[in-house]
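Data block below; observations after.
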Amino acid sequence: MDIGIFYASTTGNTEDVANLIAEHLGDSAHLHDIAHEGISALEGYRYLILGIPTWDFGELQEDWAEHWEALQATSFAGKRIALFGLGDQIGYGEWFVDAMGLLAEVLLAQGGELVAPWSVEGYSFEASKALNADGTHFVGLALDEDGQHAETAERVSVWLDEVCKAFEKI
Ligand SMILES: Cc1cc2nc3c(=O)[nH]c(=O)nc-3n(C[C@H](O)[C@H](O)[C@H](O)COP(=O)(O)O)c2cc1C
């Protein structure tokens with residue numbers, strides 16, 4: 001199974017997590033930094049892991065923003081997609097991982113299937129656009145390298161087990 005990991009990262013946190021995910025998955029995973037490669041290779045994968053940090057009070061990270069229109073014109077029908085979002089729940093608790101929610105909206109509108117939601121337990125924030133309808137889960141893995149770095153490795157490991165199960169279930 002080929003899995004495409006696409007991410008962009010302004011200060012390196014999302015990149016570090018993308019590398020960690022790729023290490024876990026081994027040969028089946030292929031890393032793509034959209035700042036350098038854009039998003040055209042997305043179309044070649046049935047299984048996707050997309051990583052996005054939130055910047056500037058609930059906004060998209062700049063490289064994702066640059067490719068947003070193209071993303072909105074891409075079909076994700078037949079694709080299974082797992083999301084991870086980076087944010088800072090203490091410094092930016094009113095907009096915690098909002099960009100992951102914005103990304104989820106586009107992917108769903110374009111026919112994608114999102115897998116591996118993540119419980120809000122263990123986080124403390126005021127609001128997030130990345131919550132599911134009943135507010136119990138994020139639409140993907142929420143990570144906070146600013147305030148909860150120590151949790152990241154374990155969260156990634158547990159979440160990837162869920163992602164792999166969801167990818168294999170046809
Ligand atoms: C100026 C600034 C604005 C930010 N805005 C948000 C925000 O609105 N919501 C959020 O959850 N995190 C916010 N963050 C935190 C970043 O998302 C976080 O540091 C993340 O790990 C950065 O990822 P990157 O290194 O991959 O770019 C902000 C950080 C800075 C410095």
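Atoms within each ligand, like the ligands themselves, are counted from 1 in listed order.
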Flag, side chain of Asp56 to backbone of Glu59, donor-acceptor distance under 3.5 Å: no
What are the atoms of ligand 1, with element, lying closer than 4.0 Å to any heavy atom of Phe57? 5 (N), 8 (O)
Compute the shortest N/O to N/O distance between Ser9 and ligand 1 and return yes if it is under 3.5 Å, no if not. yes
I need the nearest protein heavy-atom contact for atom 8 (O) of ligand 1: residue, atom name and distance, please. Gly58 N, 2.7 Å
Angle class for the Phe138/Tyr123 ring planes (parallel below 30°, perpendicular above 60°, tilted otherwise)? perpendicular
Run the numbers for me: atoms of ligand 1, each under 4.0 Å from some heavy atom of Phe96, listed by number. 11 (O)
Atom 21 (O) of ligand 1 has as its nearest protein heavy atom Asn13 ND2, 2.9 Å
Enumerated ligand 1 atoms positioned under 4.0 Å from heavy atoms of Thr14: 23 (O), 24 (P), 26 (O)
Asp144 versus Phe125: any side-chain heavy-atom pair under 4.5 Å? no
If you define the side chain from C-beta out and look only at heavy atoms, does anything of Glu62 sit under 4.5 Å from Trp55? no
Got an N/O contact under 3.5 Å between Glu15 and ligand 1? no
Starting from atom 31 (C) of ligand 1, find the nearest protein heavy-atom neighbour and note its residue, name and distance. Trp55 CZ3, 3.2 Å
Just by distance, with hydrogens left out, do Thr152 and Glu145 show a side-chain donor and acceptor under 3.5 Å apart? yes
Heavy atom of Asp56, distance to ligand 1 below 4.0 Å: yes
So, do Asp88 and Thr54 sit near enough that their side-chain heavy atoms are less than 4.5 Å apart? no
Would you mind checking which non-hydrogen protein atom is closest to atom 18 (C) of ligand 1, with the distance to 0.1 Å? Asp146 OD2, 3.2 Å
Between Glu15 and Asn13, is there a side-chain donor-acceptor contact under 3.5 Å, judged purely by atom types and distance? no
For atom 11 (O) of ligand 1, which protein heavy atom lies nearest, and how many Å away is it? Val97 N, 3.0 Å
Looking only at protein heavy atoms, which one is nearest to atom 29 (C) of ligand 1, and how far off is it? Tyr92 CE1, 3.5 Å
Test item: Leu50 and Ile5 side chains (from C-beta on) under 4.5 Å apart, heavy atoms: no
Any side-chain heavy atom of Leu86 within less than 4.5 Å of one from Val97? no
Find all atoms of ligand 1 within a distance of less than 4.0 Å from any non-hydrogen atom belonging to Thr11, and give their numbers and elements. 22 (C), 24 (P), 25 (O), 27 (O)
Among all the protein's non-hydrogen atoms, which is closest to atom 17 (O) of ligand 1, and how far away is it? Thr54 O, 2.6 Å
My understanding is that only one of Leu160, Val156, Thr14, Val163 makes a side chain to side chain contact (heavy atoms under 4.5 Å, CB included) with Phe84; could you say which? Thr14
For atom 10 (C) of ligand 1, which candidate among Leu86, Asp88, Ile52 provides the closest heavy atom? Asp88
For atom 23 (O) of ligand 1, what's the nearest protein heavy-atom neighbour? Residue, atom name and distance, please. Pro53 CB, 3.4 Å
Please report whether ligand 1 has a polar contact with Glu145, defined as an N or O pair separated by less than 3.5 Å (distance criterion only). no
Among His32, His30, Lys79, find the residue that satisfies the side chain to side chain donor-acceptor pair (under 3.5 Å) test when tested with Tyr45. His32
